[in-house]
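Below is one structure; the comments refer to it alone.
What you are looking at is a predicted structure, and each value in this text was computed from that prediction instead of being measured. Lettering follows sequence order; numbering is per chain, from 1.
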Amino acid sequence: MLDINLLRNDIAAVAAGLAKRGVVLDTERFDALERERKDIQTRTQDLQARRNALSKEIGAIKGKGGDAAAQLFEVAGFGDELKRLETELERVQAGVRDFLLDLPNLTHASTPEGGGADDNVEVRRWGTPRTFDFPVRDHTDLGEALGLLDFATAARLSGSRFSFLRGGLARLHRALAQFMLDTHTTEHGYTECYTPYIVNAETLVGTTQLPKFETEMFSVKKGGVEGEGETLYLISTSEITLTNTVRGEILAAEALPIRLTAHTPCFRSEAGSYGKDTRGMIRQHQFDKVELVQIVHPDRSYAALEELTGHAETILQRLEIPYRVMALCTRDIGFASAKTYDLEAWLPAQNTYREISSCSNCEAFQARRMQARFRNAQGKPELVHTLNGSALAVGRTLVAVIENYQRADGSIEVPRVLRPYLGGVESIGRPA
RNA sequence: GGAGAGAUGGCCGAGUGGUCGAAGGCGCUUGACUCGAAAUCAAGUGUACGUUUACGCGUACCCAGGGUUCGAAUCCCUGUCUCUCCGCCA
């Protein structure tokens, strides 16, 4: 959520900032909402003040055994009007809030301007794609030939966009997640967390999945509950649960930075993406991800973004998978983010780099929705900055490993850093 | 799933219809005392919003949401969470 004072004081600047995203700010509507809010709020508060004063008088008079008929008469005179105004005020304040909840974050000055994914800027590249002396196969071919990746079974169980892993690939998948977690906790200073996978609506408002992106979410209801129970949602990323740990908190300055990581499944309905990446494990309704979240002092958030991105890069480097770092442009960047780096891993079968991680600085955008603050040097509550990044998406990392480490015979070499997690196994072939 | 007890400021805890944003204590901040520290004494110490050049003033908030009332931390209803006992369960 943007700072409402920014819109009040310099709405032209906000409009210009949002225009870089291709978002048109309805300044007239905002002004109208604010005028109405201000008018109703002052009138309501004046009447409340009068009522409170009269009630105090009534109390004092009755305490002495006097007659407060005059005061009671005056209160009765505007009681209905006050009730009406209070209801109106609630409505118009909700209107202002809804308006704000609908606006994306302003992008940082260093975020490149652009009209779409083609305008994302490559920041750096690591590694050299391997050359193959045999025809390259994609992970679907390789995995199904090994009998370890089974989309048919997944479809029977659940439908399209799910996968079923067996044997060596299931184990490799687990090894990847563990390797990532171990690296972040022992080398990068993150605290490992185990979090709920099902959350309430308020939590999703904090990290901006609601109200605007409900169609991306899977929702559930408790069984055995008569009538309409509260709707709960499956997390689409553990950014949700990790970041919301500080919702409503006023943290001590010394508590910052907070660095959290978790390995969780993520559930996305991906509405609107029909037809994209229908083959393979790239785009699934359910996938695992190791997430990094940092809650930091506002002065430190851009330094933290570089560090966090580096933490994600470390994983790809240790796995020896070539990748590039992209600075997302203003039209491609996420709703809550001011600046985002995507990590794209090399996929030989697609002969291109594909997104495997997204690292964002949301500045105070999520913190304002969550009312997550710390005590600054003046002792006053101030909004924290929040960052998050995948490090990495486990399913896509598995895809990258399968494709980059494939051999002519269809077996998969196990990356060196993962071998300890697989009991020293050096390759995954067709089970005997 | 059954029975009961709770939820008040950073923490403990008082408050069952009126001058209560909330006693008292602890903690914290500042000042006094001291060479310094401790102890002691004094003052201060929530958040959001509105309004104001400013000092300030006003409104809301005592788990959440409704209700009763001129007036609710206090009474009523619903929900959430916590604790105790029983049952069930991975």
Side-chain angles (χ1 to χ4, degrees), chain A residues 1-9 30-31 33-101 194-206 220-233 241 244-256 364 367-384:
Chain A
M1 196 156 69
L2 296 175
D3 183 357
I4 191 167
N5 287 314
L6 205 56
L7 277 89
R8 287 172 182 158
N9 299 333
F30 178 76
D31 287 342
L33 279 170
E34 268 288 279
R35 265 197 309 276
E36 192 185 9
R37 193 219 90 239
K38 202 166 181 169
D39 172 57
I40 293 176
Q41 183 161 349
T42 29
R43 284 198 284 146
T44 305
Q45 293 191 348
D46 285 349
L47 276 190
Q48 284 173 331
R50 184 67 193 141
R51 180 205 56 200
N52 289 347
L54 286 168
S55 293
K56 238 173 208 185
E57 280 181 42
I58 293 168
I61 292 168
K62 287 198 168 174
K64 293 178 195 144
D67 175 20
Q71 284 77 5
L72 285 167
F73 179 78
E74 188 184 343
V75 165
F78 62 77
D80 288 347
E81 170 71 358
L82 178 55
K83 207 156 258 174
R84 191 187 65 78
L85 279 172
E86 283 174 337
T87 310
E88 272 294 281
L89 181 60
E90 210 167 295
R91 184 189 61 77
V92 70
Q93 282 180 330
V96 172
R97 182 174 166 78
D98 289 347
F99 185 89
L100 288 175
L101 284 176
Y194 171 80
T195 86
Y197 303 154
I198 299 176
V199 296
N200 58 36
E202 206 185 334
T203 298
L204 292 180
V205 171
V220 292
K221 283 213 196 311
K222 251 185 172 177
V225 178
E226 288 295 320
E228 286 292 290
E230 183 188 11
T231 299
L232 297 170
Y233 299 84
T241 45
N244 272 285
T245 52
V246 294
R247 186 170 89 219
E249 295 278 326
I250 300 178
L251 303 158
E254 308 83 70
L256 304 179
R368 189 170 292 108
R369 289 177 169 227
M370 295 190 297
Q371 283 301 297
R373 294 165 292 176
F374 72 104
R375 283 204 191 276
N376 64 21
Q378 290 73 46
K380 290 293 163 203
E382 183 178 336
L383 295 168
V384 296

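Base-pair partner of B:rG36: not found among the strands shown (Watson-Crick or G-U wobble, both distances under 3.5 Å). Base pairing annotation: B:rA90 forms no Watson-Crick or G-U wobble pair, as no partner gives both donor-acceptor distances under 3.5 Å. The partner of B:rU74 is absent, by the rule that a Watson-Crick or G-U pair needs both atom distances under 3.5 Å. Remark: B:rA48 base-pairs with B:rU59. Criterion, Watson-Crick or G-U wobble with two distances under 3.5 Å. B:rC11 is paired with B:rG25 under the Watson-Crick or G-U wobble criterion, all donor-acceptor distances under 3.5 Å. A 3.5 Å limit on both hydrogen-bonding distances identifies B:rG31 as the Watson-Crick or G-U partner of B:rC41. Base pairing of B:rG17: no nucleotide in any strand meets the Watson-Crick or G-U wobble criterion (both distances under 3.5 Å). With both pairing distances under 3.5 Å, B:rC81 is matched to B:rG6 as a Watson-Crick or G-U wobble pair.
Between B:rC77 and B:rU68, the two P atoms lie 15 Å apart (nearest whole Å). Between B:rG17 and B:rC76, the two C1' atoms lie 13 Å apart (nearest whole Å). Nucleotides B:rG6 and B:rU74 place their C1' atoms 16 Å apart, quoted to the nearest Å. Distance check on atom C1': B:rC12 versus B:rA23 gives 14 Å, rounded to whole Å. Atom name P, nucleotides B:rG66 and B:rA14: the rounded distance is 29 Å, in whole Å. Between B:rG46 and B:rU30, the distance separating the two P atoms is 16 Å to the nearest Å. Taking atom P on both nucleotides, B:rA5 is separated from B:rA90 by 31 Å, rounded to a whole Å. Taking the C1' atoms as reference points, B:rG27 lies 8 Å from B:rG10, given to the whole Å.
Ranking B:rA60, B:rU47, B:rG18 by closeness to the A:Q48 side chain, first place goes to B:rA60. For A:T42, whose side chain is taken as the heavy atoms from C-beta onward, the closest listed nucleotide among B:rU51, B:rC49, B:rU47 is B:rU51. Taking only side-chain atoms of A:A49, from C-beta outward, the nucleotide of B:rA60, B:rU59, B:rC49 with the closest atom is B:rU59.
Among the protein residues, A:R50 comes within range of no part of the nucleic acid, since none of its heavy atoms lies under 4.0 Å from any strand. A:R8 comes within contact range of the sugar-phosphate backbone alone, with a heavy-atom separation under 4.0 Å but no base atom that close. Looking at heavy-atom distances under 4.0 Å, A:D46 makes no contact with the nucleic acid at all.
Residues from residues 71-84 of chain A placing a heavy atom under 4.0 Å of any atom in RNA chain B, listed by number, are A:L72, A:V75.
Along RNA chain B, the nucleotide closest to A:N5 and the one closest to A:R51 are compared, and the more 5′ of them pairs with A:N5. If A:A53 and A:A60 are placed on RNA chain B by their nearest nucleotide, the residue sitting closer to the 5' end is A:A60.
Checking the phosphate oxygens (OP1, OP2) of B:rU47, a side-chain nitrogen or oxygen of A:R375 falls inside 4.0 Å. The shortest distance between the side-chain N/O atoms of A:R373 and the OP1/OP2 oxygens of B:rU47 is not below 4.0 Å. Close to B:rG58, at under 4.0 Å from its OP1 or OP2, lies no side-chain N or O of A:N52. The phosphate of B:rC70 has neither OP1 nor OP2 within less than 4.0 Å of any side-chain N or O from A:K62.
Comment: A:E34 engages A:R37 in a salt bridge, judged by a side-chain N to carboxylate O separation of less than 4.0 angstrom.
Evaluation of atom-type donor-acceptor distances gives a pair under 3.5 Å for the side chain of A:Q45 against the base of B:rG58.
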Which donor-acceptor pairs under 3.5 Å do the side chains of residues 245-253 of chain A make with protein atoms, sequence neighbours left out?
| unit_1 | atom_1 | unit_2 | atom_2 | d |
| --- | --- | --- | --- | --- |
| A:T245 | OG1 | A:L242 | O | 2.6 |
| A:R247 | NH1 | A:T203 | OG1 | 2.9 |
| A:R247 | NH1 | A:N244 | OD1 | 3.4 |

